[in-house]
2 protein chains.
Amino acid sequence: MAALAGTPPSNATGLDSVAPRYTVGSVAKATRLLDLVSDAPLDGLTVTELARGLQTSKSTAFALARTLADRGYLRPVDPGPRYQLGLTLVRLGDVAANQQPLRQLCQPILHNLSTSTALTTRVAINDGGQPVFIERVDAPGTIRFHTPLGIPELAHVSSAGKAILSTFTDEQVKEFVTVHEMVRRTPKTIVTLEDLLADLTITRRRNYAVDDEEDVEGVFCIGAAFFDHTGTCAGAVSATGIKRDLAPREVDDIGRAVAAAAGQVTALLRGTPPPATDPR
Amino acid sequence: MAALAGTPPSNATGLDSVAPRYTVGSVAKATRLLDLVSDAPLDGLTVTELARGLQTSKSTAFALARTLADRGYLRPVDPGPRYQLGLTLVRLGDVAANQQPLRQLCQPILHNLSTSTALTTRVAINDGGQPVFIERVDAPGTIRFHTPLGIPELAHVSSAGKAILSTFTDEQVKEFVTVHEMVRRTPKTIVTLEDLLADLTITRRRNYAVDDEEDVEGVFCIGAAFFDHTGTCAGAVSATGIKRDLAPREVDDIGRAVAAAAGQVTALLRGTPPPATDPR
DNA sequence: CGCTATGTTCGGTGGTACCGAACCGAGAGG
DNA sequence: CCTCTCGGTTCGGTACCACCGAACATAGCG
């Protein structure tokens, strides 16, 4: 409805999303700037492009960019200063991923799973039903998938998402799909609540979820959920491969391997968290 | 010199570092907040701890934290809201690393090098002489080294740093060490300009640099520089292992492998970006 | 040689980021 | 059970600063 407002009629300040009180305007604007740069094509954005994207004046965009560049959040590249994301964000992203306690625990498990299955494996945390991947391990020799980290992905089309949803009750799943609509990605995508619940029932029975070209054509995915010490689903492990490289007989073997890996994660989350010496 | 300033006497506003004009105060403060959280222990910081760290009032720290949390830069964790770095930073860090054109090119090369040498391999970009690692590939089965990404590391103690410095003239090296002092990390660390220049001469001759327990005791590192299309050093590849696992005879083999990998990177940066067919 | 488009610099001013103080809510301790 | 304390949250008011518009500098182009 408010899509094609050429000029901002009701809101000239540039604050578009919610302003739930207690928000610092300039900081919010800076985050929007970073989002802009992160979505931009590879060669970065100029000050004027930033100003246009932020719907603000050149001078403001200039000041914001300078500030962020001084702190290393942006990196000015030579010709007519275009801005890319800077190395400080690499550092913060690395630290942020490491602060997710899962990552440390999962790395060796992912490595093992990746070599034993010869597939690309990933681990996602459960963000209210949506899977957010925080780490991946590429299988050596395979083509690299485009698997960005840190973004909530569609739950009903990914094996990790369906693994997470399989820990929900039917009521919870119903509520989930009312807020996250089931968009179609391929002809095989599950788009009705009924079909999804049926799929989840099968998933619960065999302990792993399958995404058979439901997200991307030609791509096959198997995932399994793991649980924290309170028994609630903390996330999921998944393995991804090209469909035609997989013999159908393999699927259940891989599924068991993925489920076993998820079981290892659960065990680590339950049992002794400190790897060092803490005999309390 | 300015190390142990407990209280900022002359500057009560909270703006400590340079304010080279055209800086947005709140955004700078937000970045300091993120730095604080990134350096904090694993369980996050509370609002009051943030306020103390920023030398500001609770309400301000609260507003900043809320804003950053709304955008996913911070993640509030349950008991008495403690803030950790959020998943948005994981995403931005991933994108930032991918925006470094090197990363895409280097990944397969690093994988190959990692499997052929059975070592952990990394790639750093040349940041004015200092190596900043932007990607690592762990060798399967090895212990994991603590190798943070995105931080400028000491040039005179790391193989990647010495590989980069070996592309400098003696004059440039001399200037470099005047601004970056040669701190000692282990008994074997090179701490004089004279010894460093001698080491760099050897490095140039054999085409790879060696860090023999000069940064961390027991750790051995071999690095080689690569060059962009203008012929200037763009960064370095390095391989890391435990010293006692390496037979001395191996060192030169590994050195040649690392140098060859760096040569591949150079070739990709110069010539044909598509890595598909290259039957040279 | 203008002309355009860009990055950069510079006052002035309205909005807002900041602060202090008050209000809650949860534990600890008596 | 009450009180005390500490930390999170909320609220007004004001000094300040983030923002803007306009001007300057510079480069590319017709």
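Each chain gets a letter, A, B and so on, in the order the sequences are listed, and its residues count up from 1. The structure displayed is predicted, hence computed values, not measured ones.
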Under 3.5 Å, is there a donor on one side chain and an acceptor on the other for B:Q107 and B:E135? yes
Side chains of A:D35 and A:T31: any donor to acceptor distance under 3.5 Å?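 Short answer, no.
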Do other residues, nucleotides or ligands put more than 12 heavy atoms under 6.0 Å from B:E175 CD? no
Starting from [atom2] on [N], measure out to [atom1] on [X] and report it in whole angstrom.
| X | N | atom1 | atom2 | result |
| --- | --- | --- | --- | --- |
| A:L50 | C:dT6 | CG | P | 12 Å |
| B:R82 | D:dC6 | CZ | C1' | 14 Å |
| A:Q55 | D:dC20 | CD | P | 11 Å |
| B:D70 | D:dT9 | CG | P | 12 Å |
| A:L45 | C:dT6 | CG | P | 13 Å |
| A:R66 | C:dT9 | CZ | C1' | 10 Å |
| B:F62 | C:dC23 | CZ | C1' | 13 Å |

Is any side-chain N or O of A:T60 closer than 4.0 Å to OP1 or OP2 of D:dC20?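 Yes, A:T60 has a side-chain N/O under 4.0 Å of OP1/OP2 on D:dC20.
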For D:dC20, does OP1 or OP2 lie under 4.0 Å from any side-chain N or O of A:T56? yes
Polar atom pairs between nucleotides 24-30 of chain D and protein, under 3.5 Å, N or O only, would you list them?
none

Considering all heavy atoms of both residues, which atom of [X] and which atom of [Y] are nearest to each other, and what is their separation?
| X | Y | result |
| --- | --- | --- |
| B:Y73 | B:L89 | O-CD1, 3.4 Å |
| A:L92 | B:L85 | O-CD1, 3.8 Å |
| A:L54 | A:L36 | N-CD2, 4.0 Å |

Nucleotide of [options] approaching [X] most closely (side-chain heavy atoms):
| X | options | answer |
| --- | --- | --- |
| A:L64 | D:dG8, C:dT8, D:dC19 | D:dC19 |
| B:S26 | C:dT6, C:dC18, D:dC19 | C:dC18 |
| A:Y22 | D:dC19, D:dC11, D:dG8 | D:dC11 |

Do side-chain atoms of B:T88 reach the backbone of B:R71 as a donor and acceptor pair under 3.5 angstrom? yes
Below 4.0 angstrom, N of the basic side chain to O of the carboxylate: do A:R103 and A:D94 qualify? yes
Judged by nearest nucleotide, the residue sitting upstream toward the 5' end of DNA chain D, B:E49 or A:A61, is B:E49
Please list, pair by pair, any protein nitrogen or oxygen found under 3.5 Å from a nitrogen or oxygen in nucleotides 21-23 of chain D.
unit_1: D:dG21; atom_1: O6; unit_2: A:S59; atom_2: OG; d: 2.9

With a distance cut-off below 6.0 Å to the six-membered ring centre and an angular limit of 45° from the axis, does B:R66 pair with A:Y22 as a cation-pi contact?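 No, a cation-pi geometry is absent between B:R66 and A:Y22.
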Report the residue (A:V24 or A:R52) whose heavy-atom-nearest nucleotide on DNA chain C is the more 5′ of the two. A:R52
